[in-house]
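In what follows, a structure is listed as structure tokens, so that the remarks can point back to it.
Note that ligands are numbered from 1 as they come in the structure, with each ligand's atoms numbered from 1 the same way. If you read the sequence from its start, that first residue is 1, and numbering goes on from there.
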Amino acid sequence: MDRRLELQTNLQEVEREISDACIAANRNRSDVTLIAVTKTWPASDVDLLAGLGITDVGENRDQEAKPKHEEVLAKNLTWHAIGQLQTNKAKSVAAWADVVHSVDRTDLVTALTKAVTGRETPLSVLIQANLDPNPTENRGGALPNELLNLAELISQSDGLRLQGIMGVAPLAGNDDLAFSKLQGFASEIQNSFPEANWISAGMSGDFATALKYGATHLRIGSSILGNRGFQG
Ligand SMILES: *Cc1c(COP(=O)(O)O)cnc(C)c1O
């Protein structure tokens, strides 16, 4: 099948599911942003999606996203960095990303602040919260007791704009539990920082559940673009 038609068909199906889930969760579709996660897929797919009305794309690896960002012809897209981020990549990521979803530790706030000096518009950031009941070192995300401190630090940084919170439901676990926890963290942060009102939650397999718990930004890859194989 022609790739444009394939993407259009998938996108229509995903849009239908988002609409249904919004109705079920008593949410307005217009309060929800769909981020198409284009990692592992070529720049040409990003352009096809832009032609189909996609405004936001998500990438998780700097080394892939940086050249892709340059190659993509559609210039008015919003680019989201959604992957775990090393401090030594902060500068490079700040050059292509409009929003960084994975801020989970103080040294990353410091590195991003430094990386955006001289930039005209602030870099939007989300605090990634660890939703695993038994957090391990290698999964991304700040622990519950670190969230407010991170929010303070980001709010004091000139070049960064604290936009909200992000979470990934643990692979083996209860999605309702994970996303309700995230919603609780989000309202704690909003108590002190009312403008930090984004909740980035929900992927291909669990976005309907995320919408029940206030998700404002869905990160959907495989349902739109197809299966990535082992890499993603
Ligand atoms: C890959 C990825 C997604 C998209 O996952 P799908 O299951 O393909 O929809 C969402 N969020 C993050 C952080 C990812 O790395």
Exercise for the section: Applying salt bridge (charged side-chain N to carboxylate O under 4.0 Å, His left out), run through E71 and K68 and close with a yes or a no. Expected result: CA-CA 5 Å; E71 199 186 332; K68 198 185 291 185; over 6 Å; no
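- Screening residues 187-204 for salt bridge (Lys or Arg N to Asp or Glu O under 4.0 Å) gives no qualifying pairs among residues at least two apart or on separate chains.
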Exercise for the section: Report the C-alpha distance between S102 and Q128 in whole Å, list the side-chain angles of each, state the deciding distance to 0.1 Å, and finish with yes or no for side chain to side chain contact (heavy atoms under 4.5 Å, CB included). Expected result: CA-CA 5 Å; S102 44; Q128 183 175 354; 3.4 Å; yes
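- Of all atoms in ligand 1, numbered sequentially from 1 with element shown, those under 4.0 Å from a heavy atom of S204 are 6 (P), 7 (O), 8 (O), 9 (O).
- Contact atoms of ligand 1 toward I220: 9 (O) (distance under 4.0 Å to a heavy atom of the residue).
- Among the atoms of R228, some N or O lies under 3.5 angstrom from an N or O of ligand 1.
- Using a 4.0 Å cut-off between heavy atoms, H101 makes no contact with ligand 1 at all.
- Applying the under-4.5 Å side-chain rule to Ile, Leu, Val, Met, Phe, Trp and Tyr, the cluster around V37 extends to I82.
- Shown here is N26, whose CG atom has no more than 12 heavy atoms of other residues, nucleotides or ligands within 6.0 Å.
- Residue contacts with ligand 1: G221 is placed with a nitrogen or oxygen under 3.5 Å of a nitrogen or oxygen of the ligand (distance criterion only).
- For ligand 1 and R219, the ligand atoms under 4.0 Å from any heavy atom of the residue are 4 (C), 9 (O), 10 (C), 11 (N), 12 (C), 13 (C).
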